[in-house]
Asker: 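Once you've had a glance at the structure underneath, I'll fire off some questions.
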Amino acid sequence: MIQYSILFADGDPNVTQYFTGTLNANGFDAAGTTSGMEALGMYKTMSPDLVVTDLALSELDGMTLLEELLKYDPTARVIITADNADKDVIARAFRLGVLDVLEKPLDFESLISI
C-alpha cells in the first residue's frame with residue numbers, strides 16, 4: 001500500500017490529535033500541529049503529499065500559511081478547513097490554488113475521499 005504523508009494543522013489541539021491519530025491508524029503518515037509557524041517548518045522538513053490546515057491557527061493563520069507554502073513550493077497540495085468561512089476568503093483560497101475548502105466540523109471520511 002502506498003503511504004501518503006499528511007501534515008494536519010488545526011488551532012484545536014484535540015482536533016489535531018484526533019485526526020493525526022486517525023490518519024496514522026488508517027495507513028497514512030501524518031503529523032500535526034496547532035501552530036502555523038510550526039506547520040511551515042514541518043512542511044519544509046517533511047515535504048508531505050498533502051497539507052490540511054484550518055484558518056484559525058496560532059502564530060500564523062491558515063491563509064498566510066497557504067501563501068507561504070506556495071511561495072516555498074508552488075506545487076504544494078493544500079486543503080483548508082473552516083468554521084463558517086467568509087465567501088471572499090474561500091474565493092481567495094481557490095484563486096491561490098487550494099484543492100478544496102471543507103466546512104467544519106470535519107468528517108474523517110470526507111477528508112480521505114478527496
Asker: Excluding sequence neighbours, so at least two apart, what forms side chain to side chain donor-acceptor pair (under 3.5 Å) with Thr45?
Answerer: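 Partners of Thr45 by the side chain to side chain donor-acceptor pair (under 3.5 Å) criterion come out as none, since no residue qualifies.
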Asker: Could you work out, with side-chain contact (heavy atoms from CB on, under 4.5 Å) as the rule, every residue matching Glu59, not counting sequence neighbours?
Answerer: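 Ser35, Met37.
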Asker: Taking everything shown except Gln17 itself, do over 12 heavy atoms lie less than 6.0 Å from its CD?
Answerer: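 Counting other residues, nucleotides and ligands, CD of Gln17 stays at 12 neighbours or fewer.
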Asker: With heavy-atom distances below 4.5 Å as the criterion, would you say the side chains of Pro48 and Ile6 are in contact?
Answerer: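 The answer is no; the side chains never approach within 4.5 Å.
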Asker: Heavy atoms, side chains only, cut-off 4.5 Å: are Ile79 and Val101 in contact?
Answerer: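 With C-beta onward as the side chain, the pair stays apart.
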Asker: Could you check whether any side-chain heavy atom of Phe19 comes within less than 4.5 Å of a side-chain heavy atom of Leu106, counting everything from C-beta outward?
Answerer: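 Yes, their side chains come closer than 4.5 Å.
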Asker: In Å, rounded to the nearest 0.5 Å, how long is the span from CG of Leu7 to CG of Asp29?
Answerer: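 So the CG of Leu7 and the CG of Asp29 are separated by 10.5 Å.
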Asker: Please check: side-chain N/O of Ser5 versus main-chain N/O of Phe28, any donor-acceptor pairing under 3.5 Å?
Answerer: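 Not confirmed, Ser5 side chain does not pair with Phe28 backbone.
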Asker: Does Leu65 reach the side chain of Leu57, with side-chain heavy atoms less than 4.5 Å apart?
Answerer: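 They are in side-chain contact.
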Asker: Applying side-chain contact (heavy atoms from CB on, under 4.5 Å), can you list everything that pairs with Asp88, at least two apart in sequence or on another chain?
Answerer: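 Result, side-chain contact (heavy atoms from CB on, under 4.5 Å) vs Asp88: Asp86.
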Asker: Taking salt bridge (Lys or Arg N to Asp or Glu O under 4.0 Å) as the cut-off, I'd like each qualifying pair that reaches into residues 30-52, sequence neighbours left out, listed once.
Answerer: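 Every candidate salt bridge (Lys or Arg N to Asp or Glu O under 4.0 Å) pair involving residues 30-52 fails, so no pair, neighbours aside, qualifies.
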Asker: Do Val78 and Leu99 come close enough that some side-chain heavy atom pair is under 4.5 Å?
Answerer: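 Counting from C-beta outward, Val78 and Leu99 never come under 4.5 Å.
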Asker: What do the steps show when you test Phe94 against Asp100 for side chain to side chain contact (heavy atoms under 4.5 Å, CB included), and what is the final call?
Answerer: CA-CA 7 Å; Phe94 279 112; Asp100 205 351; 4.0 Å; yes
Asker: Apply side-chain contact (heavy atoms from CB on, under 4.5 Å) to Asp12 and list each qualifying residue two or more places apart in sequence or on a separate chain.
Answerer: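 Here the qualifying residues are Asp10, Asn14, Val15.
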Asker: To the nearest 0.5 angstrom, please state how far the CZ atom of Phe8 sits from the OH atom of Tyr18.
Answerer: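 So the CZ of Phe8 and the OH of Tyr18 are separated by 10.0 Å.
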Asker: According to a hydrophobic-cluster definition based on side-chain heavy atoms being under 4.5 Å apart (Ile, Leu, Val, Met, Phe, Trp, Tyr only), do Leu50 and Leu55 belong together?
Answerer: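 Different clusters: Leu50 never reaches Leu55 through Ile, Leu, Val, Met, Phe, Trp or Tyr contacts under 4.5 Å.
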Asker: If you take all heavy atoms of Ala31 and Met42, which pair is closest and at what distance?
Answerer: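 Of all heavy-atom pairs spanning Ala31 and Met42, the closest is CB-CE, 3.5 Å.
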Asker: Listed by chain and number, what are the side chain to side chain donor-acceptor pair (under 3.5 Å) partners of Thr64, not counting sequence neighbours?
Answerer: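 Applying side chain to side chain donor-acceptor pair (under 3.5 Å) to Thr64 gives Asp61.
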Asker: List the residues meeting side-chain contact (heavy atoms from CB on, under 4.5 Å) with Ser47, not counting sequence neighbours, and say none if there are none.
Answerer: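 If we apply the side-chain contact (heavy atoms from CB on, under 4.5 Å) test to Ser47, skipping adjacent residues, there are no hits.
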Asker: Quick check: do Val89 and Met63 have side-chain heavy atoms less than 4.5 Å from each other?
Answerer: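 Yes. Closest side-chain heavy atoms under 4.5 Å.
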Asker: For residues Leu40 and Leu66: do they belong to one hydrophobic cluster (side chain heavy atoms under 4.5 Å, members Ile, Leu, Val, Met, Phe, Trp, Tyr)?
Answerer: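 In one cluster with Leu40: Leu66, yes.
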Asker: How about Leu69 and Val51: do any of their side-chain heavy atoms sit closer than 4.5 Å?
Answerer: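 Yes. Closest side-chain heavy atoms under 4.5 Å.
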Asker: Applying salt bridge (charged side-chain N to carboxylate O under 4.0 Å, His left out), can you list everything that pairs with Lys87, at least two apart in sequence or on another chain?
Answerer: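 Counting only residues at least two positions away or on another chain, Lys87 forms no salt bridge (charged side-chain N to carboxylate O under 4.0 Å, His left out).
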Asker: Determine whether Leu102 and Ile80 make a side-chain contact, defined as any pair of heavy atoms from C-beta on separated by less than 4.5 Å.
Answerer: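 In short, these two side chains do not touch, never coming nearer than 4.5 Å.
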Asker: Under the rule for ring-ring contact (aromatic ring centres under 6.0 Å, His included), what residues qualify as partners of Tyr43, not counting sequence neighbours?
Answerer: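 Partners of Tyr43 by the ring-ring contact (aromatic ring centres under 6.0 Å, His included) criterion come out as none, since no residue qualifies.
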Asker: Spell out, yes or no, whether Val52 and Tyr4 are grouped together once hydrophobic residues are joined by side-chain heavy atoms under 4.5 Å, including indirect joins.
Answerer: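 Yes, it is one cluster - the side chains of Val52 and Tyr4 are joined through contacts under 4.5 Å.
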